[in-house]
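For clarity, every value in this text was computed on a predicted model and none was experimentally measured.
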Amino acid sequence: QVQLAESGGGSVQVGGSLRLSCAAFGYIPNHYCLAWFRQAPGKEREGVAHLETVFGGTYYGDSVKGRFIISQDNAKNTLYLQMNSLKPEDTAMYYCAADYCSSSSRRLVESAYDYWGQGTQVTVSS
């Protein structure tokens, strides 16, 4: 059983940066995929970034490509999301997710992940 806990959210002005963290607890298999999702009020949950733990491959949603960076610290069992050049439309609750890797087409699909954190709020104001 994997437990996830996000932190690092907050309020920031347009163009600013934030780094989110996701600490993982419990048994984590060697070959796992991790992802960040976000959900704004009244909108569906959106996949933001994906990381494959063994080879470190990453994948990003179009809305954050070139601005966000997903990374991991294996020693600390922690996943990060560095968010740069933030925009008001980045305002959302951000969640980390984990599960065994599935097909590449499901990297940012919500149903591909069984383990979720409680979320951390990010608010970007102009």
Side-chain angles (χ1 to χ4, degrees):
Q1 183 87 13
V2 177
Q3 293 180 314
L4 305 170
E6 304 94 337
S7 61
S11 296
V12 64
Q13 291 192 325
V14 169
S17 297
L18 277 176
R19 189 177 79 158
L20 306 182
S21 299
C22 173
F25 305 92
Y27 173 67
I28 302 171
N30 286 336
H31 193 191
Y32 231 44
C33 278
L34 305 169
W36 286 98
F37 286 76
R38 67 185 182 186
Q39 188 167 21
K43 294 189 176 182
E44 293 186 353
R45 193 166 292 189
E46 173 193 13
V48 172
H50 169 275
L51 183 143
E52 187 275 321
T53 57
V54 173
F55 301 106
T58 58
Y59 181 78
Y60 297 92
D62 288 341
S63 61
V64 305
K65 205 171 293 183
R67 300 188 298 123
F68 290 11
I69 301 171
I70 188 171
S71 62
Q72 62 176 334
D73 184 332
N74 287 335
K76 296 181 180 179
N77 271 355
T78 301
L79 178 72
Y80 300 103
L81 185 68
Q82 177 67 43
M83 305 186 296
N84 302 318
S85 302
L86 283 162
K87 305 175 182 180
E89 51 264 42
D90 294 319
T91 295
M93 185 73 80
Y94 282 73
Y95 301 88
C96 62
D99 213 324
Y100 289 101
C101 296
S102 58
S103 66
S104 60
S105 64
R106 292 173 56 78
R107 284 174 290 193
L108 294 181
V109 174
E110 183 180 358
S111 61
Y113 300 88
D114 281 340
Y115 302 103
W116 294 83
Q118 81 288 349
T120 186
Q121 177 68 36
V122 172
T123 302
V124 184
S125 57
S126 55

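Within 6.0 Å of NZ in Lys76 there are 12 or fewer heavy atoms belonging to other residues, nucleotides or ligands. Atom CD of Glu89 sits in a crowded spot, with more than 12 heavy atoms from other residues, nucleotides or ligands closer than 6.0 Å. Heavy atoms of other residues, nucleotides or ligands lying less than 6.0 angstrom from CD of Gln121 number more than 12.
Judged by distance alone, with hydrogens and angles left aside, the side-chain atoms of Ser125 form no donor-acceptor pair with the main-chain N or O of Gln13 at under 3.5 Å. A distance-only check finds no donor-acceptor pair linking the side chain of Gln118 to the backbone of Ala5 [under 3.5 Å]. Not one N or O on the side chain of Gln39 forms a donor-acceptor pair closer than 3.5 Å with the backbone of Ala92. Tyr60 places a side-chain N or O within 3.5 Å of a backbone atom of Ile70 that can act as its donor or acceptor partner. The backbone N or O of Val54 sits less than 3.5 Å from a side-chain atom of Glu52, completing a donor-acceptor pair. A donor-acceptor pair is defined here as one N or O able to donate and one able to accept, closer than 3.5 Å; no such pair exists between the side chain of Thr120 and the backbone of Ser7. The closest donor-acceptor contact from the side chain of Asp99 to the backbone of Asp114 lies under 3.5 Å.
Aromatic ring centres of Tyr100 and Tyr32: separated by under 6.0 Å.
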Given side chain to side chain contact (heavy atoms under 4.5 Å, CB included), test Glu46 with Ser63 step by step and report yes or no.
CA-CA 10 Å; Glu46 173 193 13; Ser63 61; 2.9 Å; yes
One pair to check against side chain to side chain contact (heavy atoms under 4.5 Å, CB included): Leu81 and Ile69. What are the steps and the verdict?
CA-CA 6 Å; Leu81 185 68; Ile69 301 171; over 6 Å; no
So Cys96 and Phe37, side chain to side chain contact (heavy atoms under 4.5 Å, CB included) or not? Walk me through it.
CA-CA 6 Å; Cys96 62; Phe37 286 76; over 6 Å; no
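Nearest heavy atom pair, residue Arg107 against residue Ala35, reads O-CB, 4.3 Å. Residue Thr91 comes nearest to Val124 through the heavy atom pair OG1-N, 2.8 Å, listed as atom of the first residue, atom of the second, then distance. Of all heavy-atom pairs between Phe68 and Val48, the closest is CD2-CG1, 3.6 Å. The nearest pair of heavy atoms linking Ser102 to Arg106 is OG-CB, 3.6 Å. Pairing each heavy atom of Ala98 with each of Leu4, the nearest pair is N-CD1, 3.8 Å. Summarising the geometry of Gln72 relative to Thr53, their closest heavy-atom pair is NE2-O, 3.3 Å, with the distance given to 0.1 Å.
No side-chain heavy atom of Ser104 sits less than 4.5 Å from a side-chain heavy atom of Tyr59. Residues Val14 and Pro88 form a side-chain contact, since some pair of their non-hydrogen atoms from C-beta on lies under 4.5 Å apart. Using a 4.5 Å cut-off on side-chain heavy atoms (C-beta onward), Leu86 and Leu18 make contact. Arg45 has its side chain within reach of Trp116: a pair of non-hydrogen atoms, C-beta onward, lies under 4.5 Å apart. At a threshold of 4.5 Å between non-hydrogen side-chain atoms, the residues His50 and Tyr113 count as touching. Between Val122 and Leu20 the shortest side-chain heavy-atom distance falls below 4.5 Å.
Rounded to the nearest 0.5 Å, atoms CZ (Phe25) and CD (Gln1) are 13.5 Å apart. Rounded to the nearest 0.5 angstrom, His31 NE2 and Cys101 SG are separated by 3.5 Å.
No path of Ile, Leu, Val, Met, Phe, Trp and Tyr side chains, each step under 4.5 Å between heavy atoms, connects Val109 with Tyr115, placing them in separate hydrophobic clusters.
With a 6.0 Å cutoff to the six-membered ring centre and a 45° limit on the axis angle, Arg19 counts as a cation-pi contact of Tyr80. Annotation: cation-pi geometry not satisfied between Arg38 and Tyr95 (NZ/CZ under 6.0 angstrom from ring centroid, within 45° of ring axis).
Using a 4.0 Å cut-off between charged side-chain N and carboxylate O, Lys87 and Asp90 make no salt bridge.
Between the side chains of Ser17 and Asn84, a donor-acceptor pair is found at a separation under 3.5 Å.
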